[in-house]
Enquirer: 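Structure provided below as structure tokens; questions to follow.
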Amino acid sequence: MHPIGDQEAPPAGATRIKGTEETRTYESMRAPVHTSAYVRPTSQMVEALKDVSAATACAKLHQVGITRTFIDGPVPLHREPDVKITGGAVTLEFLPQREDVFNGAEQEDIERKTPLWGVLESIQPGDVLVVSARGSHFTGCLGDMLVRYFKLRGGAGIVVDGRVRDAARVRALGVPIWCTGVTPHYASQTELFPSAFNVPVGVGGALVTPGDLIVADEDGAVVVPQRNAIPLAEDSLLHQDREEFARRRLDEGGRLSDYYPLTGEGLTEYLAGRPAAT
């Protein structure tokens with residue numbers, strides 16, 4: 001018998017809708033949504049962006065009219081020097097809970113039937129998991145076991161505009177993670193639930209579609225469309241080389257206005273010192 005009155009308990013994996021005799025399983029609520037086919041970036045695209053900083057990628061995309069590429073909010077969980085990832089995005093979306101669809105009263109183990117498990121089992125080596133968590137301070141989107149599995153699948157890193165849990169164990173795994181902080185809650189414990197994977201998502205004010213490239217470092221995470229990856233990389237590396245020249249000249253006592261930004265005589269000096277094209 002059910003502990004409340006003479007009602008029978010709902011079957012395992014089901015929830016009783018408050019105020020009714022109706023029970024629902026996850027499968028009868030809302031089937032997980034995902035995109036079955038999308039194009040991952042080529043290894044050439046990923047390799048081309050490996051030495052491009054998030055700041056340079058963001059600036060160069062802005063110059064060609066793509067201005068909303070910064071994923072606002074997530075910062076590195078591991079404050080280590082030179083933390084950086086580059087890879088193709090796989091996406092996971094969280095939505096607000098509603099009691100007749102999915103609610104925190106259900107047990108944690110029901111999450112295995114959601115897109116949270118689906119996206120992790122879709123991970124391929126080099127993927128970057130991008131999670132839309134609506135900036136929640138209370139939803140622990142990923143913890144030790146899930147990040148551990150992500151690492152074993154060969155994932156490159158994780159960007160989430162929300163929280164993670166099991167902070168000490170997750171840090172020990174060494175997976176680069178950009179998030180807004182930590183929480184003791186599991187993924188569906190509070191106000192959100194995992195709803196869809198490998199669909200377009202809004203993360204920190206930026207649109208990320210499956211297969212976009214992610215460049216993330218200590219300045220944050222930036223999304224790079226595939227079609228822009230190679231030309232952006234070529235332009236960015238030239239830009240960074242110019243900045244390195246300017247940095248050296250400033251360290252040697254040069255005037256800021258002569259070397260930054262690099263124009264006029266400073267640019268002429270830079271070009272004169274470059275190896276001739278072959």
Side-chain angles (χ1 to χ4, degrees), residues 34-35 38-58 61 66 68-78 80 82-94 115-133 141-143 146-164 170-171 173-180 194 196-230 232-233 236:
H34 66 93
T35 299
Y38 68 94
V39 179
R40 280 181 161 85
T42 65
S43 58
Q44 181 186 14
M45 293 175 186
V46 175
E47 190 63 31
L49 291 171
K50 286 217 177 213
D51 293 323
V52 177
S53 69
T56 300
C58 188
L61 287 169
I66 304 175
R68 296 180 181 90
T69 60
F70 172 53
I71 299 175
D72 185 29
V75 296
L77 180 64
H78 316 72
E80 298 176 357
D82 302 321
V83 60
K84 187 179 189 299
I85 57 169
T86 304
V90 295
T91 64
L92 173 65
E93 181 178 46
F94 279 77
L116 180 53
W117 261 242
V119 73
L120 289 168
E121 291 178 347
S122 79
I123 294 295
Q124 294 185 16
D127 284 345
V128 175
L129 176 58
V130 179
V131 184
S132 172
C141 300
L142 299 153
L146 303 189
V147 175
R148 186 176 300 271
Y149 187 70
F150 175 84
K151 178 179 181 178
L152 292 170
R153 298 278 299 186
I158 297 168
V159 178
V160 49
D161 66 345
R163 304 298 174 98
V164 299
V170 166
R171 285 192 181 98
L173 289 170
V175 175
I177 296 176
W178 282 252
C179 62
T180 63
F197 71 98
N198 286 339
V199 296
V201 294
V203 184
L207 171 65
V208 180
T209 65
D212 282 339
L213 287 125
I214 301 296
V215 175
D217 58 24
E218 290 183 282
D219 284 341
V222 172
V223 55
V224 179
Q226 286 190 23
R227 66 179 178 277
N228 295 90
I230 300 299
L232 180 145
S236 294

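The model shown is predicted, which means the values in this text are computed figures rather than measured ones.
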Enquirer: Rounded to the nearest 0.5 Å, what separates atom CD in Glu218 from atom CD in Glu80?
Expert: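 Taking CD in Glu218 and CD in Glu80, the distance rounds to 9.5 Å.
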Enquirer: Check side-chain hydrogen bond (donor to acceptor under 3.5 Å, both in side chains) between Lys84 and all other residues, then give those that pass, not counting sequence neighbours.
Expert: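 By the side-chain hydrogen bond (donor to acceptor under 3.5 Å, both in side chains) rule, Lys84 matches Thr86.
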Enquirer: So, does Asn198 use its side chain to make a donor-acceptor pair with the main chain of Val90 at under 3.5 Å?
Expert: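 Checked: no pair found.
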Enquirer: Closest approach of Ile214 and Ala89, non-hydrogen atoms and distance?
Expert: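 Of all heavy-atom pairs spanning Ile214 and Ala89, the closest is CG1-CB, 4.0 Å.
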Enquirer: Do Leu120 and Leu129 have side-chain heavy atoms sitting under 4.5 Å apart?
Expert: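 In short, these two side chains touch, coming nearer than 4.5 Å.
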Enquirer: Less than 4.5 Å apart, side chain to side chain, heavy atoms only: is that true for Leu213 and Val46?
Expert: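 When only atoms from C-beta onward are counted, Val46 and Leu213 do touch, with a gap below 4.5 Å.
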Enquirer: Check Leu92, Val201, Ile71 against Ser132 for a side-chain contact (heavy atoms from CB on, under 4.5 Å) and give me the one that passes.
Expert: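 Only match with Ser132 under side-chain contact (heavy atoms from CB on, under 4.5 Å): Val201.
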Enquirer: Please enumerate all residues that pass side-chain contact (heavy atoms from CB on, under 4.5 Å) together with Asp219, with sequence neighbours excluded.
Expert: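 For Asp219 the side-chain contact (heavy atoms from CB on, under 4.5 Å) partners, ignoring immediate neighbours, are Ala55, Asp217.
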Enquirer: Mind checking what makes side-chain contact (heavy atoms from CB on, under 4.5 Å) contact with Glu47, not counting sequence neighbours?
Expert: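 Glu47 satisfies side-chain contact (heavy atoms from CB on, under 4.5 Å) with Lys50 only.
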Enquirer: Could you pull out the closest heavy-atom pair between Pro41 and Gly88, with the gap in Å?
Expert: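 Looking at all heavy atoms of both residues, the shortest contact is CG-CA, 3.5 Å.
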Enquirer: Is any side-chain heavy atom of Thr91 closer than 4.5 Å to one of Pro200?
Expert: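 Side-chain contact under 4.5 Å: no.
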Enquirer: Looking at side-chain heavy atoms only, is the closest gap between Val147 and Val164 below 4.5 Å?
Expert: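 When only atoms from C-beta onward are counted, Val164 and Val147 do not touch, as no gap falls below 4.5 Å.
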Enquirer: Please lay out, stage by stage, how Val131 and Phe94 fare under the test side chain to side chain contact (heavy atoms under 4.5 Å, CB included).
Expert: CA-CA 8 Å; Val131 184; Phe94 279 77; 3.7 Å; yes
Enquirer: Decide, yes or no, whether a salt bridge links Arg40 with Asp127 under the criterion of side-chain N to carboxylate O below 4.0 Å.
Expert: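 Yes.
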Enquirer: Considering all heavy atoms of both residues, which atom of Val160 and which atom of Pro74 are nearest to each other, and what is their separation?
Expert: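 Scanning both residues, the minimum pair turns out to be O-CG, 3.4 Å.
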Enquirer: Taking only residues two or more places apart in sequence or in another chain, which ones pass side-chain contact (heavy atoms from CB on, under 4.5 Å) with Ser236?
Expert: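 Partners of Ser236 by the side-chain contact (heavy atoms from CB on, under 4.5 Å) criterion, ordered by chain and then number, come out as Val52, Thr56, Lys60, Leu232.
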Enquirer: Quick one: list whatever passes salt bridge (Lys or Arg N to Asp or Glu O under 4.0 Å) with Arg148, sequence neighbours left out.
Expert: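 Once residues adjacent in sequence are excluded, the partners of Arg148 under the salt bridge (Lys or Arg N to Asp or Glu O under 4.0 Å) criterion are Asp144.
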Enquirer: Distance check, rounded to the nearest 0.5 Å: Thr69 atom OG1 versus Asp212 atom CG?
Expert: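 Going from OG1 on Thr69 over to CG on Asp212, the span is 10.5 Å.
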Enquirer: Applying side chain to side chain contact (heavy atoms under 4.5 Å, CB included), run through Leu146 and Trp117 and close with a yes or a no.
Expert: CA-CA 8 Å; Leu146 303 189; Trp117 261 242; 3.9 Å; yes
Enquirer: Partners of Pro176 by side-chain contact (heavy atoms from CB on, under 4.5 Å), sequence neighbours excluded?
Expert: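 Listed in chain order: Val83, Ile85, Trp178.
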Enquirer: So, for Gln226 and Val39, which heavy atoms are closest and what is the spacing to 0.1 Å?
Expert: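 Nearest heavy atoms, Gln226 then Val39: NE2-O, 2.8 Å.
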